[in-house]
Amino acid sequence: MTRISPGATCGGKVTRLGWIRNVCQGDDNLDDQRLIPETLRAEVLRHLTYTLGKDAPNASIYDWRMALSYAIRDHIVEPWFAATRRTWAEDRKRVYYLSMEFLIGRILEDATVNLGLRDQAQEVMASLGQDFSQIVEDEPDAALGNGGLGRLAACFMESMATVGCPAYGYGIRYEHGLFRQRFQNGQQIEAPEDWLRQTHPWEFARPESAYTIPFKGNVETRDGKPVWVPGETVLASAHDTPVIGWQGKWANTLRLWEALPTQMFDLERFNRGDYAAAAEPEALARTLSRVLYPDDTTYQGKELRLKQEFFLTSAALQDILRRFKNGHSNLRDLPKYVAIQMNDTHPAIAGPELVRLLSDENGLPFEEAMETAQACLGYTNHTLLPEALERWATFTFGAVLPRHMQIVEQIDSWHRRTYSPPHYIGIVKHQEVRMGELAFVMAHKVNGVSALHSDLVKKNLFPELNRLHPGRIINQTNGVTPRRWLKMANRPLADLITETIGDGWEADLDKLRGLEAHVDDAAFRAKFDKSKRANKVALAAWIKDHCGVTVSPDALFDVQVKRIHEYKRQLLNILQTVSHWHAIKQDPTANWVPRVKIFGGKSAPGYAVAKEIIHFINDVATVVNNDPDTKDLLKIVYPENYNVSMAERLIPASDLSEQISTAGKEASGTGNMKFMMNGAPTIGTLDGANVEILQEVGAENFFLFGLTTEEAMKRREDPDQSRKAIEASQPMLDVLQMVAEGRFSPDQKDRYHGLVHRVWHHDYFLVAADFDAYNAAQAKVDAAYADRAAWVRMAAMNTARSGFFSSDRTIRSYMSEIWDIPAAI
Ligand code: 26V
């Protein structure tokens with residue numbers, strides 16, 4: 001056994017700081033870097049001993065992970081302090097990104113990648129007898145989000161640190177993030193998630209940064225001025241996680257609020273022996289940061305949700321004003337130093353709350369408070385689905401936030417007075433506060449998240465407001481961070497890219513265009529293919545382990561991973577899979593391309609139709625995977641509990657990216673961008689950012705099918721559209737017949753009658769209308785995949801042309817078009 005002596009190189013501190021300084025100055029002093037493994041090893045052992053209180057021979061994988069995480073965290077702190085100090089010293093404008101969700105995933109490996117310490121960490125842990133990849137996988141995902149919106153916020157945090165945009169993310173430190181998904185007899189079962197049960201090593205508690213958040217009560221008039229006398233208060237207490245950018249050149253803060261009681265417990269009651277009642281206020285206050293709402297599809301007017309939104313927003317704004325007042329006295333200057341971005345309408349109470357803080361609490365006249373707030377605020381819209389748009393009953397809103405109810409009315413009449421709209425555009429209408437309209441009116445810029453979506457925001461969502469405020473709605477096409485989604489998640493491809501075009505692409509993704517010069521080189525293609533195959537072999541082994549299904553890495557890996565929703569049309573995919581299975585059985589000796597159909601994703605717990613689709617996919621999988629006729633030609637796998645970490649495993653091993661939403665429904669998509677970067681061509685509709693992916697990659701490298709947004713809207717005007725489409729399609733008739741007969745539910749033959757009936761008669765998302773086109777596009781995929789050279793070329797072209805979809809590009813665009821913030825580096 002290796003003898004381990006802790007703290008052997010305590011002089012490492014100087015080296016460490018020196019190394020970071022060199023990186024900050026862009027100086028490649030290799031002498032310093034070579035010392036790192038020794039230093040890092042000593043640091044890990046020091047933390048194991050003195051922070052964890054463990055002796056190496058008795059340390060568990062958890063202990064090693066914590067020790068390594070603390071050692072890595074130490075390397076983040078220096079650049080973090082440096083960035084913060086510079087922002088203060090140069091009195092820079094900062095952006096504040098307010099989001100109810102941050103879907104972060106694991107942090108350890110990502111941090112080592114950005115610090116340039118991944119290889120060293122691996123080497124050091126190996127020298128200590130530990131497997132780095134096992135340690136990395138021991139970390140629970142921080143799943144403080146539902147899906148696209150939350151993951152975008154996490155990519156933005158990383159990109160803001162990479163491009164040197166001084167920024168704070170503000171969110172809620174949910175004790176329980178998104179539920180864990182299991183399947184029981186093919187059906188989704190939700191279990192609570194408990195990521196904080198073990199110590200979370202990346203955060204620093206800041207109990208000194210705490211704010212009182214008022215609720216309820218009433219508004220009195222004193223000296224002719226409104227005074228809010230709250231009926232309840234809770235405390236928002238900060239936890240800071242540093243977010244390090246590529247090569248450690250800049251770091252920002254993600255500040256998450258924990259809800260605490262303003263009063264710990266009722267001692268009098270406790271002394272009387274009434275223990276449960278004594279603890280009640282504490283429990284009540286803590287519910288505010290207890291759980292993430294697990295539904296991103298349907299809006300429900302739950303009081304707790306409104307309280308969570310105000311809790312986040314008020315804490316953030318109080319913190320922002322405190323920081324501003326530290327160096328400034330004139331609140332009218334706020335927009336020179338503060339940009340506040342509202343991630344969807346969830347923090348849209350920021351408008352009235354900022355007005356309240358500026359006027360009620362700081363004496364600015366209402367109109368000046370309005371102008372100041374507006375100049376600070378931006379609003380990003382992420383969905384057009386009417387059922388997901390937030391509206392609050394004035395009764396609930398007024399009870400929870402009585403002063404804000406008055407201010408919202410004031411904003412509404414100010415808006416009408418100032419802009420005299422030809423029609424009545426109400427923020428408050430039919431006894432509801434409409435958060436989209438509120439956010440729009442309070443923001444100086446409103447943006448959609450893809451070109452198509454932003455167009456629809458103008459034309460369909462806010463047509464009157466757009467006419468009244470021309471130029472306010474702009475587009476900011478989403479992006480994803482290539483550090484996590486390419487460099488970290490797909491090492492074989494990342495290494496090949498560096499070998500082919502050199503480094504630097506990680507922070508300048510347009511450089512990937514350099515790969516285009518190599519796609520006709522057979523040697524390059526062979527290497528590209530090899531990198532994909534390595535990922536597929538690894539995934540096949542993982543699938544065997546986790547799903548018990550044997551799949552061949554030679555098969556085409558066809559992947560649809562995202563939340564389960566009718567508009568995303570997992571149903572179209574699985575019905576086409578049934579059709580394909582049926583076709584193979586009809587003609588088993590034809591030249592079929594073997595396929596593995598991979599599904600992943602969670603349904604909102606209360607979304608019955610989505611849950612039925614999950615059940616159906618699992619039922620079809622059971623029949624197909626046990627069919628000896630199609631054994632080597634078709635497999636269906638649906639691993640449980642799709643999350644960020646699973647995405648990092650699946651996407652790099654994918655051959656085909658399924659982006660098949662009904663046109664006009666997917667605001668952007670960001671998974672589509674990750675697949676493209678990782679060399680998986682898309683089969684998809686003209687929806688969201690697919691449109692721009694198609695434009696960048698070229699039609700010859702994309703399998704396009706389906707109705708356009710306009711055609712879809714027109715098609716729905718015919719109440720018989722789905723029946724007609726089905727009757728015109730033999731494959732569709734066959735598939736629905738098999739499902740209706742109970743071929744996939746032999747134990748309960750009528751299980752999917754409801755599902756079949758909906759496709760025939762209530763097919764709002766146009767599964768039937770697009771079925772034949774999808775089927776034809778899938779046949780083209782098969783033909784293309786059979787031509788290896790052409791396929792690999794197509795895959796490589798997808799990677800080569802994905803530069804536009806780096807979130808660095810998106811962030812730079814927000815900085816110039818919305819925030820008016822220059823880069824600090
Ligand atoms: C709505 C609600 C309603 C109240 C309860 C909790 C909750 C949570 C989230 C949402 C809105 C979800 C909207 C969303 O996630 N949109 C997705 O945003 C992605 C990033 O812009 C985009 O790529 C996806 O297309 C879009 O669906």
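All values derive from a computational prediction rather than experimental measurement. Read the numbers this way: they start at 1 and go in the same order the structure lists the ligands and their atoms.
A cation-pi geometry, defined here as NZ or CZ lying under 6.0 Å from the six-membered ring centre and within 45° of its normal, holds between Arg716 and Tyr764.
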Using a cut-off of under 3.5 Å, which N/O atoms of ligand 1 pair up with protein N/O atoms, and what distance separates each pair?
| from | atom 1 | to | atom 2 | distance (Å) |
| --- | --- | --- | --- | --- |
| ligand 1 | 16 (N) | His382 | O | 3.0 |
| ligand 1 | 21 (O) | His382 | ND1 | 2.6 |
| ligand 1 | 21 (O) | Asn478 | OD1 | 2.9 |
| ligand 1 | 23 (O) | Gly669 | N | 2.8 |
| ligand 1 | 25 (O) | Glu666 | OE1 | 2.6 |
| ligand 1 | 25 (O) | Ala667 | N | 3.4 |
| ligand 1 | 25 (O) | Ser668 | N | 3.0 |
| ligand 1 | 25 (O) | Gly669 | N | 3.0 |
| ligand 1 | 27 (O) | Tyr567 | OH | 3.3 |
| ligand 1 | 27 (O) | Glu666 | OE1 | 3.0 |

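Note on residues 427-442: pairs passing side-chain hydrogen bond (donor to acceptor under 3.5 Å, both in side chains), not counting sequence neighbours, are Arg391-Glu432.
Of the N and O atoms on the side chains of Gln308 and Tyr293, not one donor lies less than 3.5 Å from an acceptor on the other residue. A donor-acceptor pair shorter than 3.5 Å can be found between the side chains of Asn447 and Thr380. Using modelled atom types, one finds a donor on one side chain and an acceptor on the other under 3.5 Å when comparing Glu658 with Tyr774. Of the N and O atoms on the side chains of Asn146 and Glu101, at least one donor lies less than 3.5 Å from an acceptor on the other residue.
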